[in-house]
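Here is the structure we will look at.
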Amino acid sequence: MGQEVRYRVRGGHALNGTAFIQGAKNAVLPMIGAALLASKGRTVLRNVPIIEDVRRAVELAEFVGAKVEFHEAERTIVIDASHLNGTSRAVLPADIAARFRGSVLFVPALMHRMGHVRIEGVGGCNLGSRNLDFHYRGFARLGAEVIEDAERNHINVTAGNLKGGRLYLDTPSHTGTENLIMAAVLTPGTTVIEHAALEPEVLDVIEFLGRMGAKISGGGTGLITVEGVPELTAVEHTIMSDRIDAGVFAMMTAATGGDVSLVGANLDHLGVARWKLEQMGVQFSQQGAVLRVRRDPSVPLRPINAVTSPFPGFATDLQSPLMALATLADGESYIHEAIYDGRFALADELTKMGAKIEVDGTRAIVHGPTALRGSEVIAHDLRSGAAAILAGLVAEGETIVAPAYPVDRGHSQFATRLSALGADIVREELD
Ligand SMILES: CC(=O)N[C@H]1[C@@H](OP(=O)(O)OP(=O)(O)OC[C@H]2O[C@@H](n3ccc(=O)[nH]c3=O)[C@H](O)[C@@H]2O)O[C@H](CO)[C@@H](O)[C@@H]1O
Ligand SMILES: C=C(OP(=O)(O)O)C(=O)O
């Protein structure tokens, strides 16, 4: 399971300076899965975030037989999947796959290259129900055989006679869209995917697949058409910057009343989060590829209403840091989590720090402003861990966030990057 990790934060320092936004977790994971589709050449992925989910994805790719080099200092991964075939190990074992959500993105490549795949578990943040029915139904509509082994909790997917078809998503699932595209790219005929996700990472994955030789049109419109091709070739690609990492740094800057330049961040990728933060009193200015974020500490943050929804709506992955930020705002903020039915575990942790939050199902009212005080808090999931660190940056005294593996799943070198901005934060590995 690896070492136990915790973050210790002492509040009271405004963030100032330059932060380097990492490559996007939710783009690199599907790309590692997509790299396994290439039957020729070696894939090179650049601007790879140094996060635990990527380390797990590398382990998984190696487990199924790909040759993978993760050059962490160069933030580069090199993958050779050219030799995969029906005799390779077509299993996604629970001990790796159940530790991150992105493991489900390996299914199409294994189905195509090996003819079948057994999925022994899929992980990710514990946010309530996280179904995969759109994925499995889509594979079946293309002609795959999908059989659930309920006793062992395994799913077996066998390629069979794949043929393009008309697919749909009940809601525009992010990984669901990526998985159906990846299933369709090597499937003979035309596949149409209705109600597809619009997230920038999905578009980055489409661009990557297109360079590999896939024929995909309609990305960003909600209606995607894929013409199957017989094979794909490895290419080089630079991962887009992580809009959630950027959003978290923006909110941390806002919380501390700082002034930070986010290198690589794109304001357009923040969607509605941009407008909500501006309403709260945060100032943004896009200066080419650098996004400057400022908040005047002499003006109180204003309270906010936010409802999470798929891009360009308010990203659910930014909902936890928004809740932490709202504890500082002058009045009542209303938050409706409309994507996940269990993403408010943070409220209890912030309550330990003095926050006043009422939770009713998927709705929360945050009563600000609160003078937060340091406490020991749990990172229940990736973003609640990041949000707890945000709270720690402004709390009086010391905040300990543990266990913090979930934070390391998705934020690269958090303590180093925050320290460079003036924060008092250390990451500790416990024996
Ligand atoms: C690795 C990755 O990219 N993770 C992101 C991805 O997760 P992920 O792709 O898993 O999230 P989805 O967009 O699929 O899920 C959204 C909602 O749809 C439901 N659903 C989804 C698929 C399905 O087959 N059936 C079903 O009912 C889920 O239970 C959830 O309530 O998008 C989420 C929503 O933006 C983000 O929080 C995650 O950071
Ligand atoms: C929910 C998240 O990730 P995952 O889907 O990988 O669990 C997240 O990034 O906040």
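Values reported hereafter were calculated over all heavy atoms of this structure, with side chains retained and with hydrogens, waters and symmetry mates removed. Whatever order the structure lists them in is the order used to number ligands and atoms, beginning at 1.
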* To do: For the residue pair His411 and Phe414, categorise the inter-ring angle as parallel (less than 30°), tilted (30 to 60°) or perpendicular (more than 60°).
  =>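 His411 and Phe414: parallel rings.
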
* Quick one: ring pair (Phe, Tyr, Trp, His ring centres under 6.0 Å) pairs with a partner in residues 168-208, sequence neighbours left out? ->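 Found Phe208-His237.
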
* Of the backbone atoms (N, CA, C, O) and the side-chain heavy atoms from C-beta on, which set of His174 has a member under 4.0 Å from an atom of ligand 2: side chain, backbone, both, or neither? ->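 Looking at His174 and ligand 2, no heavy atom falls under 4.0 Å.
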
* Would you call Gln319 a ligand 2 contact, heavy-atom distance under 4.0 Å? ->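 No, Gln319 has no heavy atoms under 4.0 Å from ligand 2.
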
* Electrostatic pair Arg6:Glu4 at N-O distance under 4.0 angstrom ->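 Glu4 and Arg6: not salt-bridged.
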
* Asked: Under a 4.0 Å N-O cut-off, is there an ion pair linking Glu337 with Arg363?
  ->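 So Glu337 does not pair with Arg363 through a salt bridge.
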
* Near ligand 1, at a heavy-atom separation below 4.0 Å: residues by chain and residue number ->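 Those residues closer than 4.0 Å to ligand 1 by some heavy atom are Lys25, Asn26, Arg101, Ser129, Arg130, Asn131, Leu132, Asp133, Phe134, His135, Thr171, Ser173, His174, Thr175, Thr316, Asp317, Ile339, Tyr340, Arg343.
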
* Of the protein's non-hydrogen atoms, which lies at the shortest distance from atom 7 (O) of ligand 2, and what is that distance? ->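 The protein heavy atom lying closest is Cys125 N, 2.8 Å.
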
* **Stacked cation flag Arg75 on Phe70, 6.0 angstrom / 45 deg** =>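 No - Arg75 does not lie over the ring of Phe70 by the 6.0 Å and 45° rule.
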
* Selection residues 59-68 - residue pairs positive for salt bridge (Lys or Arg N to Asp or Glu O under 4.0 Å), sequence neighbours left out ->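 Only Arg56-Glu59 qualify under salt bridge (Lys or Arg N to Asp or Glu O under 4.0 Å).
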
* **Listed once per pair and sorted, the salt bridge (Lys or Arg N to Asp or Glu O under 4.0 Å) pairs that draw on residues 405-414, sequence neighbours left out** =>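 Counting only pairs at least two positions apart or across chains, the salt bridge (Lys or Arg N to Asp or Glu O under 4.0 Å) contacts touching residues 405-414 are Asp53-Arg409, Asp408-Arg427.
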
* **Selection from Arg101, Arg130, Arg383 by shortest heavy-atom distance to atom 10 (O) of ligand 2** =>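 Closest candidate by heavy-atom distance is Arg383.
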
Would you mind listing which atoms of ligand 2 come within a distance below 4.0 Å of any non-hydrogen atom of [X]?
{"X": "Arg343", "value": "1 (C), 8 (C), 10 (O)"}
{"X": "Leu382", "value": "8 (C), 9 (O)"}
{"X": "Lys25", "value": "2 (C), 3 (O), 4 (P), 6 (O), 8 (C), 9 (O)"}

* State whether the side chain of Arg383 and the backbone N or O of Arg343 hold a donor-acceptor pair below 3.5 Å, judged by distance alone. =>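 No, because the side chain of Arg383 does not come within donor-acceptor range (under 3.5 Å) of the backbone of Arg343.
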
* Verify, without hydrogens or angle tests, whether Arg302 (side chain) and Met280 (backbone) share a donor-acceptor contact under 3.5 angstrom. =>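 The answer is no, because no donor-acceptor pair under 3.5 Å joins these two groups.
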
